[in-house]
2 protein chains.
Amino acid sequence: MSDVARLAGVSKMTVSRVLAGHSVAPATRERVQQAIDELGYVADAAAGALSSGRSEFVAVLVPSLASSNFSDTVRGLSAALEPHGLQLLIGDTDYHLDREENLVRSMLRHQPRCIALTGSRHTEATRTLLRRAGVPVVEMWDFPSDPIDAAVGFSNVNAAREMVRYLAGRGHQRIGFIGGASELDRRGLDRLKGFRMEMKALGLDAGRVIRLGDSPITMSHGGPAMAALLEAWPDTQAVMCVSDMSAFGAIMECHRRGIKVPDDIAVAGFGNFEVAACCMPSITTISVDAYGIGLRTGAALLAALEAYEQGVVRHAGKRIRVDYEVVTRESA
Amino acid sequence: MSDVARLAGVSKMTVSRVLAGHSVAPATRERVQQAIDELGYVADAAAGALSSGRSEFVAVLVPSLASSNFSDTVRGLSAALEPHGLQLLIGDTDYHLDREENLVRSMLRHQPRCIALTGSRHTEATRTLLRRAGVPVVEMWDFPSDPIDAAVGFSNVNAAREMVRYLAGRGHQRIGFIGGASELDRRGLDRLKGFRMEMKALGLDAGRVIRLGDSPITMSHGGPAMAALLEAWPDTQAVMCVSDMSAFGAIMECHRRGIKVPDDIAVAGFGNFEVAACCMPSITTISVDAYGIGLRTGAALLAALEAYEQGVVRHAGKRIRVDYEVVTRESA
DNA sequence: TTGAAAGCGTTACCAG
DNA sequence: CTGGTAACGCTTTCAA
């Protein structure tokens with residue numbers, strides 16, 4: 001910066017002002033800009049952050065970047081925050097809460113302006129770290145009764161219940177559920193919980209549950225899970241899958257066995273992934289606006305940032321509900 | 001840090017040493033650690049970076065986080081670099097070179113230790129920025145003859161040629177190609193180029209090309225593209241698709257029309273995405289180890305970092321070739 | 001509108 | 001093995 005200042009014949013402060021877009025005489029600004037271009041000067045963000053006491057980072061934690069759900073949410077966040085000069089610091093927890101804790105710890109070292117995480121389950125240490133960080137926090141993809149700070153999402157339990165009601169409304173009674181075997185995917189577990197609750201509420205058998213493969217289960221688990229389900233309860237009329245990925249695998253298994261979907265058995269998914277609209281039969285599913293969750297989380301974060309500048313310290317548990325809906329297609 | 005030092009009864013320097021894992025008397029270290037835990041102290045990475053002149057960032061640029069190819073590569077990079085205390089700064093260029101340029105510019109402000117980008121096409125300004133940055137650069141997913149620094153990838157042109165040879169070897173002569181219409185996806189364009197080159201080399205008609213939809217085309221474009229291809233050249237025997245996503249869409253369109261794959265028409269994909277193995281018929285494709293590209297890029301970056309410490313300044317165009325192979329399945 | 005000086009929280013360097 | 005001091009490159013604050 002000194003070099004630029006010298007070349008432009010001004011002080012460092014003026015260079016700093018030009019960079020920050022503060023008021024500088026047009027002629028001076030011009031000269032400084034030329035010096036910057038000539039030297040290929042790039043300001044050091046670390047020095048700026050240290051000096052001003054504020055970074056331009058936003059920490060974002062998702063369970064998996066490989067899931068289009070979460071990568072869409074990240075894109076939404078990026079779209080909302082980048083125009084404000086904020087940089088995403090993205091972490092992939094791989095569905096592990098202790099990995100989340102480590103990532104939070106390491107990201108906190110960069111003094112992020114705010115933090116977005118997925119889900120409402122975190123280790124106690126994570127909660128403590130977050131509290132101490134003293135910056136806005138938004139939890140995404142869930143609708144917790146007691147958010148750390150703010151939350152943007154929906155109830156996976158209720159969404160699953162709605163799907164059960166839809167299937168029952170189509171006349172199905174012997175309904176099964178396919179999901180992952182591990183306890184890592186909280187949203188998957190919530191969907192299972194919703195399935196059980198609603199089945200019981202309807203007076204139906206809530207026991208036809210196959211849990212197979214590490215969560216989140218993908219396409220390749222859907223087939224074996226469907227096979228297991230048919231073996232255990234051959235008279236099943238409909239299957240609700242924890243995601244469209246497993247639903248697709250399940251449908252392919254039906255094809256292989258000559259079982260017609262939906263005539264012989266109905267299959268529903270969750271998430272409205274691209275494959276659900278394209279495959280045959282197309283998959284009836286719950287549609288969630290993943291990109292919108294990112295956008296709205298970004299907006300909530302910006303609002304909280306604004307409030308912080310003015311001294312407000314907590315959202316006081318503000319929750320933003322994101323809509324979902326049953327998308328009726330061919331498979332159920 | 002002063003607070004911690006005071007509580008532990010040592011100087012800031014000793015606290016710094018404990019944090020950095022430098023040699024400190026066990027008893028002292030213990031006391032310092034206790035003070036750190038008690039205060040919930042988190043070191044400021046910006047200050048550290050400023051003082052030491054080196055950040056712990058690695059800039060990573062991919063065309064899209066939504067593509068499992070690239071998200072797998074990011075996971076590989078993360079797996080290779082995180083154990084070394086490096087933080088990924090991930091940017092999604094959305095396939096635009098000018099967005100890439102802006103992202104590089106903004107990431108450079110954080111003084112990344114090294115940079116990984118996708119492809120070998122960049123704006124002139126990007127190249128200049130990268131050169132001036134003076135840090136190791138690796139280009140991924142291509143095998144350029146003149147890499148900026150190092151490269152980890154394979155020739156998309158040659159891979160596509162191999163697929164053409166495979167299809168021709170199965171007795172097909174009237175072979176079509178389905179890809180995106182825009183010029184953004186360079187790897188997609190390289191595959192088309194390879195298709196044309198090899199078809200000509202084999203003395204076959206290289207003109208059966210349908211380009212439709214923004215690149216990279218996804219599942220939903222495959223159907224319309226296949227429809228257009230069948231309309232233009234109804235006697236087509238085989239179709240090579242720019243990716244498994246479009247191949248899947250194309251196969252679904254065949255289903256809808258009662259056209260049997262591969263009996264009436266063979267369809268091949270590219271990338272070996274999960275859907276290729278699960279769908280029916282399963283898709284013959286080119287398999288690429290996306291995660292491995294990330295791992296190997298990470299390793300190359302670490303090696304370059306090591307070399308830099310010792311004063312070596314360039315890789316001198318080192319290229320690491322990543323294998324690909326035709327995976328024969330049912331569709332072709 | 002511009003400049004000078006102080007200081008952000010850490011690490012490098014040199015002493016003890 | 002430990003401590004003091006001087007940067008690191010910026011922005012804040014105050015003065016001109």
Side-chain angles (χ1 to χ4, degrees), chain A residues 1-33 35-36 39-57 85 87 105-113 132-135 309, chain B residues 1-33 35-36 39-57 85 87 105-113 132-135 309:
Chain A
M1 193 179 252
S2 303
D3 297 342
V4 174
R6 200 175 315 117
L7 184 58
V10 296
S11 74
K12 285 199 303 178
M13 254 334 287
T14 302
V15 177
S16 174
R17 288 188 182 108
V18 168
L19 253 19
H22 292 162
S23 68
V24 168
T28 315
R29 149 159 287 138
E30 178 81 4
R31 244 180 320 131
V32 172
Q33 193 57 57
I36 287 173
L39 296 175
Y41 167 71
V42 178
D44 181 331
L50 181 60
S51 180
S52 67
R54 54 190 353 235
S55 79
E56 54 187 22
F57 287 122
Q87 250 291 344
R105 204 186 303 281
S106 88
M107 286 182 172
L108 247 23
R109 296 180 17 94
H110 296 288
Q111 318 263 84
R113 295 279 290 283
R132 281 197 172 133
V135 297
E309 317 257 281
Chain B
M1 191 179 254
S2 303
D3 297 342
V4 174
R6 201 176 313 118
L7 184 58
V10 296
S11 74
K12 286 199 303 179
M13 257 331 288
T14 300
V15 177
S16 175
R17 287 189 184 106
V18 169
L19 254 17
H22 292 162
S23 68
V24 169
T28 315
R29 151 159 286 138
E30 178 80 4
R31 245 181 319 131
V32 171
Q33 193 57 56
I36 288 173
L39 296 174
Y41 167 72
V42 177
D44 181 331
L50 179 60
S51 180
S52 67
R54 56 193 349 238
S55 79
E56 55 187 19
F57 287 121
Q87 250 291 344
R105 204 186 302 281
S106 88
M107 286 182 172
L108 247 25
R109 296 181 14 95
H110 296 287
Q111 318 265 82
R113 294 280 290 282
R132 280 195 172 134
V135 297
E309 318 257 283

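Atoms considered below: every heavy atom in the structure, side chains included; atoms not considered: hydrogens, waters and symmetry mates. Residue numbers start from 1 in every chain, and the chains themselves are labelled A, B, ... in the order their sequence lines are given, proteins ahead of strands.
Look at CZ on B:R54: it is 15 Å from P on D:dG9, rounded to the nearest Å. As a whole-Å value, the separation of B:L19 CG from C:dT10 C1' is 10 Å. In this entry the distance linking CZ of A:R31 with C1' of C:dT2 reads 11 Å, nearest Å. Put simply, CE on B:M1 is 20 Å from P on C:dG7, counting in whole angstrom units. Atom pair A:L50:CG and D:dA7:C1' shows a separation of 12 Å (rounding to whole Å applied). Note: CG (A:L39) to C1' (D:dG9) measures 15 Å, nearest angstrom. Per the geometry, CG belonging to B:D44 stands 18 Å off P belonging to C:dG7, to the nearest Å. Atom CD in A:E56 sits about 11 Å away from atom P in D:dT11, given to the nearest Å.
One distance of note links NE2 of B:H22 with CE of B:M13; it measures 8.5 Å at 0.5 Å rounding. With rounding to the nearest 0.5 angstrom, the CE atom of A:M1 is 10.0 Å from the OG1 atom of A:T14. Here the CZ-CD distance, from A:F57 to B:Q87, works out to 8.0 Å after rounding to the nearest 0.5 Å. The distance from atom CD of A:Q33 to atom OG1 of A:T28, rounded to the nearest 0.5 Å, is 12.5 Å.
Direction of the helix axis in the helix from C:dT1-D:dA16 to C:dG16-D:dC1 shifts by 20° between the two five-pair termini, rounded to 10°.
At least one side-chain nitrogen or oxygen of B:T28 sits closer than 4.0 Å to the OP1 or OP2 atom of D:dT2. Side-chain N/O atoms of A:Y41 include none lying less than 4.0 angstrom from OP1 or OP2 on D:dG9. An OP1 or OP2 oxygen of D:dA7 is reached within less than 4.0 angstrom by no side-chain nitrogen or oxygen of B:S51.
At least one donor-acceptor pair closer than 3.5 Å links the side chain of B:R113 to the backbone N or O of B:S55. A donor-acceptor contact shorter than 3.5 Å links the side chain of A:R31 to the backbone of A:A8. Judged by distance alone, with hydrogens and angles left aside, the side-chain atoms of A:S16 form no donor-acceptor pair with the main-chain N or O of A:K12 at under 3.5 Å.
Comparing C:dT10, D:dT2, D:dC14 by their nearest atom to the side chain of A:R17 picks out D:dC14. Among the nucleotides C:dT1, C:dG9, D:dC1, the one closest to the side chain of B:S23 is D:dC1.
Note on B:A49: nothing from the nucleic acid sits closer than 4.0 angstrom, heavy atoms only. Contact annotation for B:G53: no contact, since no heavy-atom pair falls under 4.0 Å across all strands.
Residues B:Y41 and B:L19 form a side-chain contact, since some pair of their non-hydrogen atoms from C-beta on lies under 4.5 Å apart.
When all heavy atoms of A:P112 and A:V135 are compared, the pair lying nearest together is O-CG1, 3.5 Å. The nearest pair of heavy atoms linking A:R105 to B:V42 is O-CG1, 4.5 Å.
Near DNA chain D, meaning a heavy atom under 4.0 Å away, the residues from residues 6-15 of chain A are A:K12, A:M13.
Taking 3.5 Å as the limit, the base of C:dT11 and the side chain of B:S52 contain no donor-acceptor pair of atoms between them.
Mapping B:A47 and B:R29 onto DNA chain D by nearest heavy atom places B:R29 at the nucleotide closer to the 5' end.
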